[in-house]
Amino acid sequence: MSKNNPMTKKEQVAEGLEYSNIFNAISNETHTANELQCLSSLFIEVRDAINNQEQSSLIETEELTAIFLKSLDVFDTPKQAKGWLESICPALSNCSPVSLLTSVEGRELVSKTLRYIEYGEFS
């Protein structure tokens with residue numbers, strides 16, 4: 001990649017970044033790299049699962065990125081966001097949010113649930 005044509009953050013995520021750089025591409029500046037490292041392996045696992053199932057598109061990567069960013073907005077710390085993503089959630093038919101992220105319908109349901117939590121409709 002030349003300096004004259006740098007990749008956008010979305011392109012970097014879609015291309016697949018090194019483990020240590022993944023959240024530099026998708027995070028806002030309010031979290032340190034150390035805080036975000038607890039989520040990076042989970043993000044990579046889900047992204048790889050999507051890649052293994054189908055030809056992953058930039059849209060799917062954007063959806064996944066949006067969910068991870070929303071989880072950071074909704075929960076106080078990356079550790080809490082990761083905990084919620086991996087925990088069984090009654091609102092998701094007793095599935096963990098991360099288990100639903102490999103399908104379009106699952107990503108929509110997890111996004112909707114995060115919005116409900118954000119607005120205090122349930123936790």
Side-chain angles (χ1 to χ4, degrees):
M1 167 89 40
S2 71
K3 283 188 172 184
N4 295 338
N5 189 17
M7 293 174 88
T8 65
K9 288 183 179 188
K10 290 176 185 175
E11 289 169 332
Q12 290 172 342
V13 173
E15 287 290 317
L17 300 174
E18 294 296 319
Y19 176 82
S20 62
N21 296 326
I22 189 74
F23 275 101
N24 290 337
I26 65 169
S27 71
N28 60 34
E29 300 303 318
T30 61
H31 302 289
T32 67
N34 287 337
E35 290 175 317
L36 295 168
Q37 199 161 20
C38 74
L39 277 177
S40 62
S41 62
L42 186 60
F43 179 93
I44 291 169
E45 286 174 28
V46 174
R47 186 203 62 205
D48 289 348
I50 292 170
N51 287 337
N52 288 336
Q53 286 184 4
E54 55 194 63
Q55 182 63 22
S56 181
S57 70
L58 184 56
I59 291 171
E60 290 156 339
T61 303
E62 288 174 343
E63 290 171 357
L64 184 61
T65 301
I67 289 167
F68 276 77
L69 290 174
K70 178 55 81 178
S71 71
L72 289 171
D73 287 342
V74 170
F75 297 97
D76 292 333
T77 67
K79 185 176 180 179
Q80 289 174 343
K82 182 178 187 280
W84 182 80
L85 286 165
E86 294 180 322
S87 296
I88 299 300
C89 182
L92 298 172
S93 300
N94 291 321
C95 294
S96 67
V98 74
S99 71
L100 301 174
L101 295 179
T102 56
S103 72
V104 173
E105 297 83 9
R107 289 189 294 274
E108 289 173 358
L109 187 57
V110 171
S111 292
K112 183 178 178 181
T113 303
L114 279 167
R115 284 191 302 276
Y116 286 153
I117 293 169
E118 181 178 30
Y119 293 105
E121 294 186 32
F122 57 78
S123 56

query = Can a salt bridge be assigned to the pair E86 and K82 using a cut-off of 4.0 Å between side-chain N and carboxylate O?
reply = yes
task = For S87, enumerate each residue passing the side chain to side chain contact (heavy atoms under 4.5 Å, CB included) test, keeping only those at least two apart in sequence or located in another chain.
result = none
ask   = Are any side-chain N or O atoms of E118 and backbone N or O atoms of L114, one a donor and one an acceptor, separated by less than 3.5 Å?
value = no
ask   = Side-chain contact, heavy-atom cut-off 4.5 Å: L109 with E105?
value = no
inquiry  = Could you measure the distance from the OG atom of S96 to the CH2 atom of W84? Nearest 0.5 Å is fine.
reply    = 9.5 Å
remark   = In this structure, CG of L85 is separated from CZ of F68 (nearest 0.5 Å) by 5.5 Å
message = Can you give me the closest heavy-atom contact between S111 and I67, atom names plus distance?
response = OG-CG1, 3.2 Å
ask   = How far apart are the closest heavy atoms of C89 and P97, and which atoms are they?
value = CB-CD, 4.4 Å
inquiry  = Keeping R107 on the side-chain end and L101 on the backbone end, is there a donor-acceptor pair under 3.5 Å?
reply    = yes
task = Look at the side chain of S99 and the backbone N and O of C95, then say whether any donor-acceptor pair between them is shorter than 3.5 Å.
result = no
task = Any chance you could measure E63, atom CD, to T65, atom OG1, to the nearest 0.5 Å?
result = 10.0 Å
